[in-house]
Amino acid sequence: MDHAADAHRTDLMTITRHVLNEQTKHPESRGDFTILLSHIVLGCKFVCTSVNKAGLAKLLGLAGEKNVQGEDQKKLDVLSNEVFVKALISSGQTCILVSEEDEEAIFVDPALRGKYCVVFDPLDGSSNIDCGVSIGTIFGIYMVKDKNEVTINDVLQSGKNMLAAGYCMYGSSCTLVLSTGSGVNGFTLDPSLGEFILTHPNIKIPKKGKIYSVNEGNAKNWDGPTAKFVEKCKFPEDGCSPKSLRYIGSMVADIHRTLLYGGIFLYPADKKSPDGKLRVLYEVFPMSFLMEQAGGQAFTGKQRALDLVPTNIHQRSPIFLGSYDDVEELKALYAAEERNA
Ligand code: FDP
C-alpha cells in the first residue's frame, strides 16, 4: 500500500480550510472574509445543481414563460442572480452589490451591512445555456473604508484595488478558481461530499502559449494591431508553428483553458463596438486579477487593464489577456501603431 498517496487522498484541503489557512497570515483578520466566501460558495453550489438539472427541471427558456403547472418560470440567469444576491446579503458581510443582471447597484440595508463590495456576473455565457456548453459565475471583491458611509465610488475603483477575485465554471465538473492576492488556486466540487477540494494548487499560466481565442466573425471591423496580431498567430514570421484557434464563446470556459494551457484571449474593440463587449467590473477586472496573479498579463489596447477606473458600473472595455509573452507581443503592435500615428 502506498501510505504517502493514501495520506494525501484522506487529507482533504477544502476551500474553507484553505482560506482559513490564508487567514492565519493576517493576525488582525476576524474571519469575515471566510464567512463571505462561504456564502459565495453556497451560491456556486446552488447554481451548479440548477445548471445540471436545468433540462429536467425545465429551467431553460425565457423568463416570463409558464411551465406545465402554469407557474412563471425563472430563466437560469435570473434565478442565479436571486440566489447570489440573497446569499451575499445574508452573509452580513456586504454593503454594495453590483450584478450584471441588475441595472442599479444594490445598497445593502445598514442593519445587515459588512465591509465588502461584491461585483459579479451570476451566470456568464448565458447564450450557451440552452446547448449545455460550460458557463460560469464571475466575482470580484473590494473593501470599503467606512461601511456607514458607502457611495457608488466604493465600487468605481481601479481593478488593482480588488482584494480577491474568482470564477466558478459549470462544466464537465464544477471548478472554482480563486485568488486572494497571493497566487491562484483551483478547487473542484466533489458532489458526494458537497465540498470544493483543492485540485489545482498555485496555478501558473505558461509564459507563452500555442492557442489564440477570439470571435473571428468580427474580423472585418477590427483595428490594425488586433488584425496584425491574429495574422501573426496564423502565419508566424519567426519560423514558429502557427497557433491553434479555440473559441467557446463563454468567457469563463475560454479563460479557464487559457489559464491552464496558456495562450491569449482577445475581445477587442471593433468599428461597431468601440468599447468592446465585456464589462469592466465583473468580467474584465476579476479575470485580469486572476491572470496577473497567475503570472500572465491583461491589457486593454491602451493600458494595463487593472489600472482602468470605471465611471459607470456596467462600463465595457476591450480586453486581451493571457500568457505574458503573447500579451507582450500584442502590446508591441499597439505601441508601434501609436508611434506611427
Ligand atoms: P454571452 O453573450 O453568451 O453572455 O459577456 C458575455 C459573453 O457571453 C462572454 O461570456 C463571452 O466571452 C462573450 O460574451 C461572447 O461574445 P461573442 O458571442 O460576441 O463572441
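Just so you know, ligand 1 is whichever comes first in the structure, and atom 1 is the first atom listed for that ligand. This structure is a prediction, so every number in the text was calculated from the model and none was measured.
Under the side chain to side chain contact (heavy atoms under 4.5 Å, CB included) test applied with L37, the options L176, L42, L178, T16 reduce to a single match, L178.
Salt bridge annotation for D32-R30: present, with a cationic side-chain nitrogen under 4.0 angstrom from a carboxylate oxygen. Salt bridge absent: D146 and K115 never bring a charged side-chain N and a carboxylate O closer than 4.0 Å. Ion pairing between R17 and E195 fails under the 4.0 Å rule for side-chain N and carboxylate O. Note on E283 versus R316: no salt bridge recorded, every NZ/NE/NH1/NH2 to OD/OE distance being 4.0 Å or above. Under the 4.0 Å criterion applied to side-chain N and carboxylate O atoms, E231 and K228 are not assigned as salt-bridge partners. Here D121 does not pair with R279 in a salt bridge; the nearest charged N to carboxylate O distance is not below 4.0 Å.
In summary, the atoms of ligand 1 found under 4.0 Å from a heavy atom of M251, numbered by their order in the structure, are 9 (C), 10 (O), 11 (C), 12 (O). Which parts of ligand 1 touch K277 is read off a 4.0 Å heavy-atom cut-off, strictly below it: atoms 2 (O), 7 (C), 13 (C), 14 (O), 15 (C), 16 (O), 17 (P), 18 (O), 19 (O). Close approach of ligand 1 to L278 (heavy-atom distance below 4.0 Å) involves ligand atoms 5 (O). Near G249, meaning under 4.0 Å from any of its heavy atoms, are these atoms of ligand 1: 8 (O), 11 (C), 15 (C). Atoms of ligand 1 found under 4.0 Å from any heavy atom of Y247, numbered from 1 in the order shown, are 15 (C), 16 (O), 17 (P), 20 (O). Residue S250 has at least one heavy-atom neighbour below 4.0 Å for each of these atoms of ligand 1: 10 (O), 12 (O). Below 4.0 Å from some heavy atom of S126 lie the following atoms of ligand 1, by number and element: 1 (P), 3 (O), 4 (O). Each of the atoms 17 (P), 19 (O), 20 (O) of ligand 1 lies under 4.0 Å from some heavy atom of N215.
With a 4.0 Å cut-off on non-hydrogen atoms, V252 does not touch ligand 1 at all. Using a 4.0 Å cut-off between heavy atoms, R279 makes no contact with ligand 1 at all. Both the backbone and the side chain of S127 come within contact range of ligand 1, each with a heavy atom under 4.0 Å.
For atom 8 (O) of ligand 1, the closest non-hydrogen atom on the protein side is G125 CA, 3.5 Å. Scanning the protein heavy atoms around atom 19 (O) of ligand 1, the nearest turns out to be Y267 OH, 2.5 Å.
Residue nearest to atom 6 (C) of ligand 1, selected from E283, M287, E216, E100: E283 (by heavy-atom distance).
Not one N or O of N218 is nearer than 3.5 Å to an N or O of ligand 1, by distance alone.
Within the 4.0 Å heavy-atom shell around ligand 1 one finds D124.
Between F120 and F84, the angle of the ring planes lies from 30° to 60°, which puts this pair in the tilted group. Ring geometry for F299 versus F320: interplanar angle of 30 to 60°, hence tilted.
M291 has its side chain within reach of I205: a pair of non-hydrogen atoms, C-beta onward, lies under 4.5 Å apart.
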